[in-house]
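Right, one structure below, let's go through it.
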Amino acid sequence: MLFLGFSAGLPFLLVFSTLSFWLREAGIDLGSIGLASFLLTPYSFKVFWAPVIDRLPLPFLTQRLGRRRAWMLVAQAGIIAGLYAVSLQSLEHGLTPILVLALLVAFASATQDIVVDAWRIEAAPDGQQGPMATAYQFGYRIGLLAASAGALWLADVEGWQRAYAVMAGLGAIGLMTTLSIDEPAPAAPTPPSRTAGTWFADAVVGPFGDFFRRNGTGLAVLILAFIGTFRLTDITMGVMANPFYHDLGYTKSEVAAVVKGFGLLASFGGIVAGGLSLTRLGVARSLFIGGLLVIGSNLTFAWLAHGAPDLLRLAVVISADNLAYNFAGTAFIAYMSGLTNAAYTATQYALFSSLFTLPGKLLAGGSGFIAQALGYPLFFVYTSLLGLPALLLLSLLQRRLAQRAPR
């Protein structure tokens with residue numbers, strides 16, 4: 001799970017904030033950089049092809065590797081090929097080829113996420129999902145570290161093309177892991193012959209109907225509304241973070257050094273704290289604490305916007321951001337994992353993980369224009385306020401669950 005988490009985390013920032021640093025350094029305006037965040041839409045719409053991955057076998061590969069590992073291998077190969085293709089491009093020859101390739105990487109990465117999440121849930125019993133989520137978060141953060149601090153440092157020393165080529169090479173970690181792990185026992189085997197209508201009903205309608213049937217329409221809508229708003233703050237802010245550092249005068253190496261040191265320690269601290277909180281306080285309280293931490297960490301960016309560049313202040317901000325992000329993320333993964341039915345693991349978890357990114361991605365598309373209009377300090381106050389609706393919905397959700405509980 002640790003290595004699969006790394007494989008999942010590696011491509012995300014390479015088509016998000018690390019790419020935005022490259023674009024800003026090349027003189028691309030903030031508004032266009034914000035629009036470039038729509039490259040992440042495959043992460044938000046992966047629910048539409050998750051049913052295919054949940055049910056459709058791949059010729060030859062599924063028979064040899066199993067349902068989950070076959071799709072995992074194809075997605076990882078796509079990530080490696082896409083990142084290497086990006087490394088062959090130059091912004092001097094136009095922005096479009098890089099954006100198209102980044103979109104393909106995002107599609108392959110979102111596909112990998114579907115399969116890795118399904119494998120994680122199916123490979124361990126419910127009682128081990130907390131530790132599995134923690135291990136996934138550790139690996140994911142190491143992948144993000146490689147794609148942020150590692151890529152920025154390499155870009156400063158060797159150039160952006162070499163940095164992306166090295167990142168493509170690191171994708172081999174996911175491939176080797178996929179070939180090494182066991183295939184979990186299928187929770188919902190598909191009969192060999194089915195009509196198209198029967199397949200659609202089972203693979204597409206079934207997972208959504210099951211979720212609403214188990215929870216009731218009112219509670220199901222409330223759960224989905226909470227999931228959709230919980231990560232608004234950090235997703236909306238994320239695309240502007242690296243352009244913000246660049247505009248303040250920090251170099252790629254300085255940002256990389258702080259992320260690698262203080263950011264890494266804070267990330268692991270957040271994961272450990274999130275795991276302990278899940279064990280001792282439960283999921284609901286951990287989610288509430290995580291939401292408050294994310295709001296507070298965004299306000300530190302507004303503080304950093306005032307004054308001359310200072311590495312100590314940068315370290316405080318990056319540390320706070322990483323601690324809050326990982327605490328909240330660990331609790332959130334455990335929460336969404338507990339909502340799934342083993343018969344529809346990939347599709348239902350893809351629904352939740354698509355929904356939690358979609359509103360933030362839509363808002364992130366306009367974040368550059370908002371930052372230009374408000375200035376960085378007020379922009380980060382705005383992103384902090386976006387975290388309040390989720391906390392209100394969580395409180396309402398807990399009251400509804402308490403009313404449903406048997407007395």
Side-chain angles (χ1 to χ4, degrees), residues 1-9 43 46-58 61-76 108-140 173-192 194 199 202-211 213-215 223 227 275 278 283 329-356:
M1 196 69 260
L2 182 74
F3 291 115
L4 289 178
F6 174 88
S7 185
Y43 291 98
K46 61 188 176 184
V47 65
F48 294 111
W49 66 92
V52 175
I53 293 172
D54 232 353
R55 293 292 188 272
L56 186 67
L58 290 170
L61 287 177
T62 298
Q63 184 178 4
R64 294 292 299 271
L65 300 176
R67 178 176 52 154
R68 301 307 185 197
R69 295 169 67 214
W71 277 104
M72 215 179 287
L73 192 73
V74 169
Q76 289 159 347
S109 176
T111 301
Q112 178 186 226
D113 286 353
I114 295 170
V115 195
V116 168
D117 288 330
W119 185 90
R120 172 175 53 81
I121 295 170
E122 292 173 355
D126 290 344
Q128 293 182 12
Q129 285 303 314
M132 288 286 275
T134 301
Y136 176 84
Q137 279 289 84
F138 267 113
Y140 195 89
I173 292 174
L175 282 176
M176 291 187 292
T177 304
T178 298
L179 294 173
S180 302
I181 60 178
D182 294 326
E183 175 75 8
T190 306
R194 306 170 69 92
W199 183 91
D202 180 56
V204 181
V205 178
F208 300 106
D210 170 78
F211 175 72
R213 191 163 48 249
R214 283 188 292 118
N215 294 284
I223 290 172
I227 290 174
L278 284 170
V283 174
T330 300
F332 200 43
I333 289 172
Y335 173 70
M336 292 192 296
S337 298
L339 296 174
T340 63
N341 182 335
Y344 306 106
T345 310
T347 303
Q348 288 187 345
Y349 195 90
L351 167 66
F352 305 141
S353 57
S354 294
L355 185 61
F356 94 73

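These numbers come from the heavy atoms of this one structure, side chains and all, not from hydrogens, waters or symmetry mates.
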Q) Under 4.5 Å between any side-chain heavy atoms of Leu179 and Met176, yes or no? A) no
**Q.** Arg67 to Glu183 - nearest heavy-atom pair and separation
**A.** N-OE2, 3.0 Å
Distance-only check: which donor-acceptor pairs under 3.5 Å involve side-chain atoms of residues 330-339, not counting sequence neighbours?
| from | atom 1 | to | atom 2 | distance (Å) |
| --- | --- | --- | --- | --- |
| Thr330 | OG1 | Asn326 | O | 2.8 |
| Ser337 | OG | Arg120 | NH1 | 2.7 |
| Ser337 | OG | Ile333 | O | 2.8 |

Q | From Arg69 atom CZ to Asp182 atom CG, the distance as rounded to the nearest 0.5 Å | A | 7.0 Å
(Q) Please give me the minimum heavy-atom distance between Met72 and Thr178, naming the atom from each residue. (A) SD-OG1, 3.5 Å
Q.
Before you tell me yes or no, could you show the steps for Thr177 and Leu2 under side-chain contact (heavy atoms from CB on, under 4.5 Å), namely the whole-Å CA-CA distance, both residues' side-chain angles and the distance that decides it to 0.1 Å?
A. CA-CA 10 Å; Thr177 304; Leu2 182 74; over 6 Å; no
Q. Of the options Phe138, Tyr140, Phe6, Tyr136, which is the one that meets Met1 in a side chain to side chain contact (heavy atoms under 4.5 Å, CB included)?
A. Tyr136
Q: Before giving the answer on side-chain contact (heavy atoms from CB on, under 4.5 Å), spell out for Thr340 and Asp117 the whole-Å C-alpha distance, their side-chain angles and the decisive distance to 0.1 Å.
A: CA-CA 11 Å; Thr340 63; Asp117 288 330; over 6 Å; no
Q. OH/Tyr43 to OG1/Thr111 distance, rounded to the nearest 0.5 angstrom?
A. 9.5 Å
Q | Closest heavy-atom pair and its distance - Ser109, Ala8 | A | OG-O, 4.3 Å
(Q) To check you understand the geometry: which heavy-atom pair defines the closest contact between Ser7 and Gln76, and what is its length? (A) OG-NE2, 3.7 Å
Q. Got a second to check how far Leu61's CG is from Trp71's CH2, nearest 0.5 Å?
A. 10.0 Å
Q: Determine whether Phe3 and Ile181 make a side-chain contact, defined as any pair of heavy atoms from C-beta on separated by less than 4.5 Å.
A: no
Q. How long is the gap from CG on Asn215 to CD1 on Ile223, to the nearest 0.5 Å?
A. 4.0 Å
Q. Which heavy atom in Gln137 sits nearest to a heavy atom in Gly329, and how many Å separate them?
A. NE2-C, 3.4 Å
Q | For Ala110 against Lys46, the heavy-atom pair lying closest together | A | O-CD, 3.8 Å
(Q) How long is the straight-line distance from CD of Gln112 back to CD1 of Ile53, given to the nearest 0.5 Å? (A) 11.0 Å
